[in-house]
2 protein chains.
Amino acid sequence: MKEKTREQYEARAKIAKAMAHPSRLLMLDLLQKQEMCVNDISEKVGADQSTVSKHLSILKDVGLVGSRKEGTLSYYRVTCGCLDGFFSCMETVLLSDLEGRRLSVK
Amino acid sequence: MKEKTREQYEARAKIAKAMAHPSRLLMLDLLQKQEMCVNDISEKVGADQSTVSKHLSILKDVGLVGSRKEGTLSYYRVTCGCLDGFFSCMETVLLSDLEGRRLSVK
DNA sequence: TTCCATATTGGCAATATCGCCATATTTGAA
DNA sequence: TTCAAATATGGCGATATTGCCAATATGGAA
């Protein structure tokens, strides 16, 4: 493991870790379509407001979402334009995995 | 959270979780370039052979890598062709995050 | 068979994540 | 200022992840 790239893998892992939760993936989907405040997200996700707030801060820490304040409300949104590629790759993996389990390479 | 898509987010989260580790990301990089056996990977990664074996089984469980046996050796390789998109998106996020921290949207 | 190299699996302690409750904090309205 | 709504943060038990050291397959060679 090279000295210089170890940090890079850790940085990448942070991003992957931020996405490694069903609720956070749902949030990313929602916030890609439109800006939303915490309470609305909380209802959509079906988790406690404090839980959602923490999830959002995790996403924000790695730069996947941004936020702005308007009065007492915090509006969050996705700041990166390449998530679709992410998700479609995931779908590809899921599909090919289903096929692969029936075929040669296990 | 819609009934039907919850499982889908969990399936995606599994994949993200599988990638959410520096060593596993390094392994994916290595195994994308060439097929490798456990011991060689272990040396490259700098972790115990049993640790690497477990990492590999995590990657294999979600269908990111496949393996074949040749004698006593197990050769692993990446089975999905869309990882580059994954990684380049991660780099994009990392870069834009650095810029974003100096600018408006926090 | 016995021996050796490779790989996988158990077990376990250390650490991290998760989600709720309770408690700040912030902002606008009264 | 006092109150209420929206968010953020502390804290804590429950659960999951991590990585090493055994211990256990597994296969080839002697």
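Order of the sequence lines fixes the chain letters, A, B, ..., with proteins taken first and strands second; residue numbering starts at 1 for each chain.
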*Scan T51(A) against the nucleic acid and name what it touches under 4.0 Å (heavy atoms): base, sugar-phosphate only, or nothing.*
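T51(A): base contact, heavy atoms under 4.0 Å.
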
_Once you apply a heavy-atom cut-off of 4.0 Å, does Y75(A) come out as touching a base, just sugar-phosphate, or nothing?_
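No contact.
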
*Test side-chain contact (heavy atoms from CB on, under 4.5 Å) applied to Y76(A) and E35(A), M36(A), K60(A), the passing residue*: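 Considering E35(A), M36(A), K60(A), a side-chain contact (heavy atoms from CB on, under 4.5 Å) with Y76(A) is found only for K60(A).
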
*Would you mind telling me which residue lines up with the more 5' stretch of DNA chain D, K69(A) or K17(A), judged by nearest nucleotide?*
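Of the two residues, K69(A) wins.
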
*Verdict with reasoning, Y75(A) to E70(A), per side-chain contact (heavy atoms from CB on, under 4.5 Å)*: CA-CA 7 Å; Y75(A) 286 100; E70(A) 194 175 313; 3.9 Å; yes

Using whole Å, report how far [atom1] of [X] lies from [atom2] of [N].
X: K54(A); N: dA6(D); atom1: NZ; atom2: P; answer: 20 Å
X: Y9(B); N: dC18(C); atom1: OH; atom2: P; answer: 17 Å
X: N39(B); N: dT6(C); atom1: CG; atom2: P; answer: 6 Å
X: L25(B); N: dT18(D); atom1: CG; atom2: P; answer: 11 Å
X: L26(B); N: dG19(D); atom1: CG; atom2: P; answer: 12 Å

Between [N] and [X], is there an OP1 or OP2 to side-chain N/O distance shorter than 4.0 Å?
X: S50(A); N: dA8(D); result: no
X: S57(B); N: dT9(C); result: no
X: H55(B); N: dT17(D); result: no
X: S53(B); N: dA7(C); result: no
X: Y76(A); N: dA6(D); result: no

*Under 4.0 Å between a Lys/Arg side-chain N and an Asp/Glu carboxylate O for E10(B) and K14(B)?*
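Looking at E10(B) and K14(B), the cut-off is not met.
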
*Select from A47(A) and E70(A) the residue whose nearest nucleotide in DNA chain C is closer to the 5' end of that strand.*
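Per heavy-atom nearest nucleotide, the more 5' residue is A47(A).
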
_Please determine whether any donor N or O and acceptor N or O are separated by less than 3.5 Å between the side chain of Q49(A) and the base of dA8(D)._
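Such a pair is found, so the answer is yes.
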
